[in-house]
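Worksheet: one structure, shown below.
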Number of protein chains: 2
Amino acid sequence: MHIQSGFRAPAPQQVKSAGVGQLLNAMQPAAVTLYAPDAEIYAQGDKAGPLYYVEFGTVRICRLTADGRRQISAFHIAGEVFGFEAASEHDSFAESVDGAGIRVLRPSCGEIPAQSLLTLALQSLTRTQHHLLVLGRRTANERMAALLVDLNDRQNGAGLVHLPMQRNDIADYLGVTFETVSRILRALKDQGLIRMKSVSEIELADLDALSAMCD
Amino acid sequence: MHIQSGFRAPAPQQVKSAGVGQLLNAMQPAAVTLYAPDAEIYAQGDKAGPLYYVEFGTVRICRLTADGRRQISAFHIAGEVFGFEAASEHDSFAESVDGAGIRVLRPSCGEIPAQSLLTLALQSLTRTQHHLLVLGRRTANERMAALLVDLNDRQNGAGLVHLPMQRNDIADYLGVTFETVSRILRALKDQGLIRMKSVSEIELADLDALSAMCD
DNA sequence: CGACCTGTTGATTCTGCTCAATCAACGTGG
DNA sequence: CCACGTTGATTGAGCAGAATCAACAGGTCG
């Protein structure tokens, strides 16, 4: 369930990803829709086509195995676009993580600007390939470090990382269990690499060391 | 080192992936270049731009961690196109697995057909996301089953799979060690799911069971 | 207050890695 | 033709990292 809303973005400076600007111009975004935490944005099997622009909040893109194991392939934060798919139906599904504001971009008048869409798809591909390396060849500690460094880069880069998602989501993104996430954070804290201001606020005390852990 | 060659494709029926046809027409492919096994096609840091069409043989797309661990993000076989990248430089590298014949597609006359390129990029993204699920949430047995079923689909689908790559490559694609690959194949054989005609020829004795292992 | 949810921590198990030996296939040179 | 070295695949023994099972603490909300 999602609620139409005239919500305005609380984000002070809206940093759009490269290529997003053109797309927004060409596709005249709809009003912002607010999705409650864990609300479904689109489901596996839904007709693909419209794209989604994150005004604020965080979105997770997921897949399930037949027996219910979940893998989150990406988190999308404010300023990013998601929802493009090769087939006519979505084969992954998207959910709001923490209450996200989304604008639907419909290919209504005129045609889809393939060029800027291509740019976004290639960026997404690059990041997914990088995540493959993380899941295939890194230890749990290194995976966690990779996430923290990545979030730091995508947030203000000031060394204070906000985790909008909970442990379960982090676990399913990193391909480990949530207990392991907890233990890894504890270990990183004990090593002095991070300081935990709160459950969802982490200070990267030694950014160099963390970066070195993930290339 | 690669040798210019007037090689002709030994593949009897050349099955092009969806979207490839248009691209080939628009980009007038160059002559086939033969790459010896393990020969580099492009390196990390190389200027990106040209695309590559696999005439025959197999190509691997790789990334390395700082300490040398390798992850293969994809194998490309005859009829597929690879080499598109978001940035201006490749951040992964491509090598011939078994002696591959490659045509370079240069965006020479006219501009790149963004629409068909987008189709390919999205297909690549979909497959990479699916592979993420395999690496993040599947056991070694399931990963091997996934590869066998995938190769079977992309080859003739007749239940007799040819492995053009060696154990080391399989391991780095599946995110396990080559010893584990060996053991898994042994286990699948003992369970009667596969029969090993040779080191590189595997008969899928129970395709249903193998498919069930990976959704 | 009690039920519930999230996160943390502990004890134990197990999957897959590491280290290592063996074997088969091949090519080379005497 | 055969001894030798090399390379890839298989197999074994022991270990370690992460999963599983389980208990518990803190916070929120009815």
Side-chain angles (χ1 to χ4, degrees), chain A residues 36-38 58 60 65 67-71 97-99 134-147 162-191 194-202 213, chain B residues 36-38 58 60 65 67-72 95 97-99 134-148 161-191 194-202 213:
Chain A
D38 299 326
T58 307
R60 58 177 175 251
T65 65
D67 60 350
R69 287 171 283 176
R70 184 179 67 155
Q71 177 64 44
V97 168
D98 57 345
V134 172
L135 294 194
R137 286 302 178 204
R138 294 205 179 276
T139 66
N141 297 52
E142 293 168 342
R143 295 180 199 196
M144 193 68 227
L147 175 59
H162 172 63
L163 299 177
M165 71 295 288
Q166 51 193 39
R167 299 295 186 264
N168 213 334
D169 287 333
I170 296 176
D172 285 351
Y173 178 71
L174 298 182
V176 298
T177 62
F178 64 85
E179 294 99 326
T180 296
V181 170
S182 217
R183 278 185 255 266
I184 297 298
L185 286 174
R186 172 65 193 272
L188 292 179
K189 190 183 65 165
D190 289 350
Q191 295 168 46
I194 62 174
R195 278 186 285 274
M196 301 195 58
K197 317 298 283 188
S198 77
V199 169
S200 61
E201 291 289 331
I202 296 184
M213 287 176 69
Chain B
D38 298 326
T58 307
R60 58 176 177 250
T65 65
D67 59 352
R69 287 170 283 176
R70 184 180 67 155
Q71 178 64 44
I72 296 178
E95 293 173 338
V97 167
D98 58 345
V134 173
L135 294 194
R137 286 301 177 204
R138 293 205 179 276
T139 66
N141 296 51
E142 294 168 341
R143 296 180 198 195
M144 192 70 227
L147 175 59
L148 291 174
V161 171
H162 172 64
L163 299 177
M165 70 297 286
Q166 51 195 39
R167 299 295 185 265
N168 213 333
D169 286 334
I170 296 175
D172 285 351
Y173 178 70
L174 298 182
V176 298
T177 62
F178 64 87
E179 295 99 326
T180 295
V181 171
S182 218
R183 280 184 254 264
I184 297 297
L185 286 174
R186 173 64 193 271
L188 293 178
K189 190 181 65 164
D190 289 349
Q191 294 169 46
I194 62 174
R195 280 185 284 274
M196 301 196 57
K197 318 298 283 187
S198 78
V199 169
S200 61
E201 291 290 330
I202 295 184
M213 287 176 68

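Not measured: the values here are computed from a predicted model.
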What is the distance from [atom1] of [X] to [atom2] of [N], rounded to the nearest Å?
| X | N | atom1 | atom2 | answer |
| --- | --- | --- | --- | --- |
| B/Gln166 | C/dA24 | CD | C1' | 15 Å |
| B/Asp67 | C/dT18 | CG | C1' | 15 Å |
| B/Glu142 | C/dT15 | CD | P | 12 Å |
| B/Asn141 | C/dC17 | CG | P | 11 Å |
| B/Arg186 | D/dG12 | CZ | C1' | 12 Å |
| B/Ile184 | C/dG16 | CD1 | C1' | 8 Å |
| A/Leu163 | C/dT8 | CG | P | 10 Å |
| A/Met144 | C/dG7 | CE | P | 12 Å |

Step by step, would you call A/Arg143 with A/Ile184 a side-chain contact (heavy atoms from CB on, under 4.5 Å)? CA-CA 10 Å; A/Arg143 295 180 199 196; A/Ile184 297 298; over 6 Å; no

Quick one, A/Asp98 with A/Arg60, criterion salt bridge (Lys or Arg N to Asp or Glu O under 4.0 Å). Give me CA distance, side-chain angles, the key distance, then yes/no. CA-CA 10 Å; A/Asp98 57 345; A/Arg60 58 177 175 251; over 6 Å; no

Give, for atom [atom1] of [X] and atom [atom2] of [Y], the distance between the pair rounded to the nearest 0.5 Å.
| X | Y | atom1 | atom2 | result |
| --- | --- | --- | --- | --- |
| B/Glu201 | B/Met196 | CD | CE | 10.0 Å |
| A/Glu142 | A/Arg137 | CD | CZ | 12.0 Å |
| A/Arg138 | B/Arg69 | CZ | CZ | 5.5 Å |
| A/Thr180 | A/Leu174 | OG1 | CG | 10.0 Å |

Do any of residues 194-202 of chain B sit with a heavy atom less than 4.0 Å from DNA chain C, and if so which? none

Residues touching DNA chain C, which here means a heavy atom under 4.0 Å, drawn from residues 171-183 of chain B: B/Gly175, B/Val176, B/Thr177, B/Glu179, B/Thr180, B/Arg183

Where do A/Arg167 and A/Leu163 come nearest, in terms of heavy atoms and distance? NH1-CD1, 4.0 Å

Looking only at heavy atoms, what is the nearest atom pair of B/Gln71 and B/Asp172, with distance? NE2-O, 3.1 Å

Worked verdict on B/Arg70 versus B/Asp169 for salt bridge (Lys or Arg N to Asp or Glu O under 4.0 Å): CA-CA 9 Å; B/Arg70 184 180 67 155; B/Asp169 286 334; 2.7 Å; yes

